[in-house]
There are 2 protein chains.
Amino acid sequence: MTQDDKAIGRRVTLEEVARMAGVSRGTGSRVVNGSPKVSPDARRAVEEAIARLGYVPNRAARSLVTRRSDSIGVVFPVPTARFFGDPFFLLFLNGIGTALALRGLQLVLLMPQSGEEEQRLERYVAAGHIDGVVLTALHGDDPLPERLAARGVPVVVNGRPPRGAQASYVDADSRGGAASATAHLLAQGRRKVATISGSLDMPAALDRLLGFRDALEAAGLPIDPSFEEVGDFSQEGAARAMHLLLERQPDLDGVFVASDSMAVMALGVLQSAGRRVPDDVAVVGFDDQPIAGTTRPPLSSVRHPIEAMSREMVRLLLHSIDARDRLPRQVMFPTELVVRESSGGLPVKRS
Amino acid sequence: MTQDDKAIGRRVTLEEVARMAGVSRGTGSRVVNGSPKVSPDARRAVEEAIARLGYVPNRAARSLVTRRSDSIGVVFPVPTARFFGDPFFLLFLNGIGTALALRGLQLVLLMPQSGEEEQRLERYVAAGHIDGVVLTALHGDDPLPERLAARGVPVVVNGRPPRGAQASYVDADSRGGAASATAHLLAQGRRKVATISGSLDMPAALDRLLGFRDALEAAGLPIDPSFEEVGDFSQEGAARAMHLLLERQPDLDGVFVASDSMAVMALGVLQSAGRRVPDDVAVVGFDDQPIAGTTRPPLSSVRHPIEAMSREMVRLLLHSIDARDRLPRQVMFPTELVVRESSGGLPVKRS
DNA sequence: CGTGGCTGTGGGAGCGCTCCCACGCCATCG
DNA sequence: CGATGGCGTGGGAGCGCTCCCACAGCCACG
């Protein structure tokens with residue numbers, strides 16, 4: 001009550017704060033922006049005035065002179081609609097949001113629905129309304145990273161960008177993770193191991209398929225396409241893929257699934273087809289999402305550190321903005337296999 | 001190429017556009033903002049200059065004088081983490097995003113992680129950094145709607161707010177939808193009908209449970225708590241709930257599930273428990289998400305128009321902002337039952 | 001005691017835009 | 001034919017902030 005009226009009333013300006021603190025606007029600004037060149041006395045007075053008046057700096061005025069918007073765009077191309085069902089995206093969004101909030105930056109969500117809207121987005125971003133962009137869920141031929149980079153917009157991509165575009169990105173070692181998951185199945189004595197992959201125009205999906213094959217090769221087993229099926233990262237796609245695999249290979253004894261949300265469906269299909277998991281068929285997923293620990297049986301899965309990766313993306317992006325350097329940088333995060341009951345392994349910890 | 005240099009180079013200002021068009025800044029501004037008091041000649045000249053120079057208005061400068069940020073916050077309290085797995089949220093976000101983009105407004109995503117962060121958010125929003133707020137996925141005791149409204153921030157809530165808070169909201173007729181879904185099961189001759197509900201501190205979940213009971217009562221059947229189980233809107237919760245229900249009521253012959261993503265799991269559990277759907281057990285979901293059409297068997301579900309609802313939320317919000325009126329308004333959208341095979345009904349159209 | 005440097009401060013300029021007032025021009029009317 | 005009114009226009013003011021230059025005050029040194 002004592003100060004709520006201020007909250008409702010007109011805006012408080014730095015001028016008023018300064019007047020109350022008995023200093024100039026300039027000194028007030030210095031305090032707000034944490035400049036070291038302020039005497040302790042002045043600093044204290046200003047801080048007190050800020051608290052008393054409930055002052056919050058006016059972003060627009062600041063942006064106007066700094067030529068920074070202090071907001072970061074997260075671009076999520078909607079045509080990637082199948083991805084929509086995957087909770088992974090929300091965990092990722094949350095990670096980015098947290099990292100940005102910590103630095104007082106705004107998260108602006110951009111969801112272009114079409115090529116046309118992507119172009120509007122491009123102009124919009126290039127106009128300086130956004131300091132940098134996080135791109136995610138890119139499909140094979142999306143030219144967005146290059147185009148934005150060409151306009152001088154700092155960009156970080158979530159996952160290796162398609163077509164080897166020259167852009168900064170943060171990725172998890174999908175291939176290695178997939179290989180260790182598959183190797184784990186083979187180590188359990190499984191010999192007829194299949195995989196359900198994501199849409200292969202997404203690098204992450206392709207990497208997981210390649211890792212799967214790596215492990216087979218390393219074990220001296222042949223690569224047989226009839227053990228591979230695309231699940232598209234959607235639950236319905238995963239169910240379809242699992243049915244197909246069972247039809248083609250009724251005696252398969254292991255499945256590596258490229259995402260947990262698909263793995264959950266695969267588990268269901270296997271069980272309703274009368275297969276016991278892990279006795280008849282061992283299953284390993286990817287992502288290690290919360291759901292993995294709660295399925296029946298609990299799902300073995302490959303973990304990648306979403307939180308740490310989002311933090312790193314933000315760090316890279318801010319560096320690129322501050323340092324004005326557009327050198328592409330890549331950061332790779334290791335993955336780790338988390339063994340649970342679905343793969344028949346002893347519930348050991350991380351491998 | 002011809003104008004890319006401009007895109008990269010310094011910003012183009014209205015001043016330059018006006019100079020090129022041979023008019024004053026004021027007239028330029030009028031054209032940009034669609035004022036009618038401009039001669040056709042001047043308008044044409046300015047529009048041409050805008051196109052030639054690739055001019056995009058500077059939001060910060062505009063905001064500074066209009067005292068509008070032209071951005072809308074979408075608040076999604078993270079503690080609602082279980083909701084994370086539900087694709088519904090993304091469809092909703094997408095609907096809001098589209099409606100905003102159409103009006104040139106920015107979507108700022110706010111994901112407070114704790115009560116403390118909610119307070120920061122409150123100050124932030126009250127400081128005028130955001131013109132209005134869309135709230136979603138509220139749990140029982142969240143005071144956010146009232147608190148924001150008390151600070152004079154235009155607010156629209158997705159779904160009836162908890163505790164009957166005085167706020168504008170847009171909701172679907174969950175209760176009616178749930179009732180018609182349940183009635184549909186009863187009409188198929190099912191008599192042992194159970195339900196898996198969402199977290200009951202969310203009004204939408206509660207409404208669906210009440211609708212379920214409404215239908216039972218209307219049919220003269222008793223309300224038996226052992227036919228009700230909370231699934232929490234999460235897939236793991238749904239699986240758990242379905243197991244429990246089967247244990248308690250092995251001969252149940254129908255289930256109404258409060259969301260499609262839970263229904264998918266329920267379907268899986270039923271089938272792996274050897275029940276045939278719909279022969280032994282009929283299932284109806286809620287949301288009518290894309291996945292509903294692709295399960296085996298296809299899932300009957302209650303449809304609510306997410307797209308139309310998001311549009312309406314944006315409309316209400318903008319009205320409240322423009323008209324400066326804070327009168328709470330409520331809009332209710334009807335739901336419709338979409339019958340597919342999982343409920344054993346003939347695949348008729350909407351009921 | 002003068003000089004030099006260093007620290008902290010004040011306040012002008014200006015970011016790009018919208019708002020608004022004043023004014024010129026033309027058509028209309030008494 | 002002069003007064004009246006509207007329409008379209010020009011341009012000053014000012015939104016709230018940061019940046020920067022100038023300067024006051026102080027200490028240390030020669």
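Note that these values count all heavy atoms, side chains included, but never hydrogens, waters or copies made by symmetry. All chains are named by letter (A, B, ...) in the order of the sequence lines, taking the proteins before the strands, and each is independently numbered beginning at 1.
Of the side-chain N and O atoms in A:Arg62, one or more sit less than 4.0 angstrom from OP1 or OP2 of D:dT18. OP1 or OP2 of D:dT18 sits under 4.0 Å from a side-chain N or O of A:Ser29.
Checked by distance alone, A:Arg59 brings no side-chain donor or acceptor within 3.5 Å of a matching partner on the base of D:dG16. Donor-acceptor pairing under 3.5 Å, judged by distance alone, is absent between the side chain of B:Arg43 and the base of D:dG8. For A:Arg67 against C:dG16, a side-chain-to-base donor-acceptor contact under 3.5 Å is absent.
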_Determine whether A:Phe92 and A:Val134 satisfy the following criterion, side-chain contact (heavy atoms from CB on, under 4.5 Å), listing intermediate values before the conclusion._
CA-CA 11 Å; A:Phe92 163 74; A:Val134 173; 3.8 Å; yes

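Both A:Val23 and B:Pro57 sit near DNA chain C, but only A:Val23 has its closest nucleotide nearer the 5' end. Both B:Arg30 and A:Val32 lie close to DNA chain D; mapped to their nearest nucleotides by heavy-atom distance, the more 5′-ward contact belongs to B:Arg30.
Side-chain atoms of A:Asp131 come within 3.5 Å of backbone N or O of A:Ser69 as a donor-acceptor pair. Of the possible donor and acceptor atoms, none in the side chain of A:Glu48 sits under 3.5 Å from a partner among the backbone N and O of A:Ala45. No donor-acceptor pair closer than 3.5 Å links the side chain of B:Ser320 to the backbone N or O of B:Leu316.
Listed nucleotides: D:dC19, D:dT9, C:dG16. Nearest to the side chain of A:Val65: D:dC19. With distances taken from any side-chain atom of A:Thr27 to the nucleotides C:dG10, D:dC17, C:dT18, the minimum falls on C:dG10.
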